[in-house]
Protein chains: 2
Amino acid sequence: MEARHLRYALALAEHQHFGRAAASLGIAQPPLSSQIAAVEREVGERLFDRTPRGVFPTAAGTAFLERARRALDEMGAAVVDAGRAARGETGLLRLGFIGSALLDPLPGVLGRFRRARPDVRLDLGEMSSPDGTAALIAGGLDVAVGRGGPRGPGAEGLVTVPIGSDELIAVVAATHPFAGRRAIGLGQLAAENLIVSPPDQEPAVAARLRSLFDSAPSPLDCATTSRDIHTTVGLAACGVGVGLGPARMRRLERGGIWFCEVTPRVRLPDLRLSFRAADRSPVLAAFLDVVRANCREVGSRLDHVLARHPAVRGIEQPG
Amino acid sequence: MEARHLRYALALAEHQHFGRAAASLGIAQPPLSSQIAAVEREVGERLFDRTPRGVFPTAAGTAFLERARRALDEMGAAVVDAGRAARGETGLLRLGFIGSALLDPLPGVLGRFRRARPDVRLDLGEMSSPDGTAALIAGGLDVAVGRGGPRGPGAEGLVTVPIGSDELIAVVAATHPFAGRRAIGLGQLAAENLIVSPPDQEPAVAARLRSLFDSAPSPLDCATTSRDIHTTVGLAACGVGVGLGPARMRRLERGGIWFCEVTPRVRLPDLRLSFRAADRSPVLAAFLDVVRANCREVGSRLDHVLARHPAVRGIEQPG
DNA sequence: GGTCGGCGATATCTTCGACGTATCGTCGAC
DNA sequence: GTCGACGATACGTCGAAGATATCGCCGACC
């Protein structure tokens, strides 16, 4: 059974006449008769009643034609869908990210991406940087956003670009003695109960912080740990201690809390976006294109890396 | 685009290897390469990534394969469905009938038919005998059950067989003087207010009744008319008059009413089943087969007519 | 690092079947 | 009864799918 047979049967049902159906198909009448006969032989049933007043489908023919129409529709859709998938207009993007990325670059990027590719399904999940890297390598994610360059086996198959940088800031309750001050010195922090993310969750950030306090014992040894940035702010707000986090934490501004700079200024590990170098998914390419247009402020490095990468070659934005 | 292309692409996706996919298809490797290339040319996108570790679908290929699978499924279903439709296992039977037919032969016939052909959709409707005949001729029905042979233009294209015969009986309220009597004479009926079906609704029955009362004016001239048999019984029950109807009306037996024979016995026009002589629908054939098995008591005529008719040739009951 | 082996692509020939032309058989219509 | 329309049949032709042979490329392994 071939698609040709379905097309011929549908044409015959439409014209109710072998000669005209054949003409509409651009063939002569005898081959149409022969092909219809072949279908009927294969199905094992007569599909058309040849009457003097025209050719009409039998009960079997009616059932056959219904399925035939759907089969040809699916075949047409296969070609269309393949093209759309190749242009990145449909598909799936699985994105893992750390909480602070959701505060700043992701809302804009995801919004623009959804407008550019409304039919791409997004699968989003918050996770630590090492978890994101591992999932990316294992193939469970397409894009991971975290802090610190990927480490470990398989990391060499990833491409990583910076998409945002942060200084370290502190957050305290409005009732805390630091409240109202623009900046706090590192030395003053050492005497406070600090609230930071757990070392195993964000090792790059933890390493950076550890390097700040060279005294032993370090004030980090007995620091309170919080697995997400909202919790850090919440704990600070209720007076548990001094929360430390990236400057984009200021987006969580609300009553009862106070943000202050840390002096001297401490630059945290950049927010970085990673993907598999071998990934040729057009959806990924489209996403990287949006990232490139949206994160220019980070500097030329991102643009430079992405522009050179094959994943973003030849991307055009649809309507 | 032909079904072959879809089958080849699916085999390649399954085996992830040109050689093995070709072997599974029973062809050599070069033609498979060539056919896959032809598909990719037609779609305009690369559907498979040829890597040293195997052949894997691209994003476009994944979308294409999904639709291809469905298209081939539909093609397979087309053949299966055509066979089922040809054997009368699926399809539609539109049946029009007069109310009294629903009292006796139809419950059994329809029950057996549903068990024999559970996947055939039934479209049932109560209607007068002339309406059924007209709908049958116009093609809006497949089977009509009524009283009296079909008349009028187009009726010669119908086949009609008797499926039940009735004597005329009367129904009265339990409080009526007739109550408790086994039989009533025609002469006694003439003095009562009769309840009968309207002449335009059942002309054959009306003609038969008219012939019973040769006096002028006829007691039918001022008779109450009722468009369905339940109403006739209901009106009789509340004392409006004496209902006249077929013997199978006894199936409506309940408290407060009384049925009596009419003497001398009056045979009403037979219940008859009609269908288009040119109708070759397998569903019709299956239905007639059930009717034939179920209505033998009517006598050899039904069996004789149906057994000779092409519509019921070579019918076997499925499991 | 060079050779080997596996795999897909290419080249060329063969063959089968889809199509075209010619013609027949049948059934209504006039 | 003849004619015309229509689908089926007969047969020759040609193109495309498939087979065989071979090439080019890339890892693997010694």
Side-chain angles (χ1 to χ4, degrees), chain A residues 1-58 60-61 65 68 72 75 156-157 277-278 280 310, chain B residues 1-43 45-58 60-61 65 68 72 75 154 156-157 277-278 280 310:
Chain A
M1 181 72 59
E2 284 297 334
R4 180 186 55 254
H5 297 128
L6 308 186
R7 285 188 279 265
Y8 287 8
L10 286 170
L12 180 56
E14 187 189 344
H15 292 91
Q16 305 182 339
H17 187 284
F18 274 81
R20 283 190 287 277
S24 84
L25 290 165
I27 64 172
Q29 171 260 318
L32 179 58
S33 284
S34 144
Q35 292 297 304
I36 294 293
V39 177
E40 290 179 327
R41 196 175 333 116
E42 178 163 354
V43 173
E45 305 290 348
R46 206 149 181 82
L47 298 179
F48 291 96
D49 264 339
R50 286 78 158 169
T51 78
R53 281 171 314 286
V55 178
F56 304 100
T58 61
L65 290 166
L72 291 180
M75 283 186 58
E156 70 283 355
R280 290 291 170 278
Chain B
M1 180 73 58
E2 285 296 335
R4 182 184 53 255
H5 296 129
L6 308 186
R7 284 188 279 266
Y8 287 9
L10 286 171
L12 181 55
E14 187 189 343
H15 292 91
Q16 306 181 340
H17 186 285
F18 274 82
R20 283 190 288 276
S24 82
L25 291 165
I27 63 173
Q29 170 260 319
L32 178 59
S33 284
S34 144
Q35 293 296 305
I36 294 294
V39 177
E40 292 179 327
R41 198 177 327 116
E42 178 163 353
V43 172
E45 304 291 348
R46 205 150 183 80
L47 299 179
F48 291 95
D49 263 339
R50 285 81 159 164
T51 78
R53 280 171 315 287
V55 179
F56 304 99
T58 61
L65 291 165
L72 292 180
M75 283 186 59
E156 70 285 353
R280 290 291 169 277

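All values below were derived from every heavy atom in this structure, side-chain atoms included, with hydrogens, water molecules and symmetry-related copies excluded.
One distance of note links CE of A:Met1 with CD of A:Glu42; it measures 4.0 Å at 0.5 Å rounding. Separating the CE atom in A:Met75 from the CG atom in B:Leu72 is a distance of 8.0 Å, to the nearest 0.5 Å.
The stretch residues 5-18 of chain A comes close to DNA chain D through A:His17, A:Phe18, each having a heavy atom under 4.0 Å from the strand. For residues 39-51 of chain A, proximity to DNA chain D is found at A:Arg50, defined as any non-hydrogen atom under 4.0 angstrom from a strand atom. Near DNA chain D, defined here as any heavy-atom distance below 4.0 Å, the residues from residues 28-35 of chain B are B:Ala28, B:Pro30, B:Pro31, B:Gln35, listed numerically.
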Sugar-phosphate or base contact per nucleotide [nucleotides 24-30 of chain D; S, B, -; heavy atom under 4.0 Å]:
---S---

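Between the CZ atom of A:Arg53 and the P atom of C:dG28 there is a distance of 8 Å, rounded to whole Å. In this entry the distance linking CD1 of B:Ile27 with P of D:dA16 reads 17 Å, nearest Å. Taking atom CZ on A:Arg4 and atom P on D:dA16, their separation rounds to 13 Å, with Å as the unit.
In this structure the side chain of B:Val43 reaches within 4.5 angstrom of the side chain of B:Val39, judged on heavy atoms. Taking the side chain as every heavy atom from C-beta outward, B:Arg280 and A:Thr58 never approach each other to under 4.5 Å.
With sequence neighbours excluded, the residues forming a side chain to side chain contact (heavy atoms under 4.5 Å, CB included) with A:Glu40 are A:Ile36, A:Arg46, A:Leu47, A:Phe48, A:Arg50, listed by chain and number. Annotation: salt bridge (Lys or Arg N to Asp or Glu O under 4.0 Å) contacts of B:Glu2 (sequence neighbours excluded): A:Arg7.
Residue contacts for B:Gly54: at a heavy-atom cut-off of 4.0 Å it reaches no nucleic acid atom on any strand shown.
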Show me, pair by pair, the donor-acceptor contacts under 3.5 angstrom made by side chains of residues 27-34 of chain B, not counting sequence neighbours?
residue, atom, partner, partner atom, Å
B:Gln29, NE2, B:Ser33, OG, 3.1

Only pairs under 3.5 Å count here: list side-chain donor-acceptor contacts from residues 12-23 of chain B, not counting sequence neighbours, and write none if there are none.
residue, atom, partner, partner atom, Å
B:His15, ND1, B:Ala11, O, 3.1
B:His17, ND1, B:Gly19, N, 3.1
B:His17, ND1, B:Arg20, N, 3.0

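Candidate nucleotides D:dG18, C:dG8, C:dC7 were compared by shortest atom distance to the side chain of B:Arg20, and C:dC7 ranks first.
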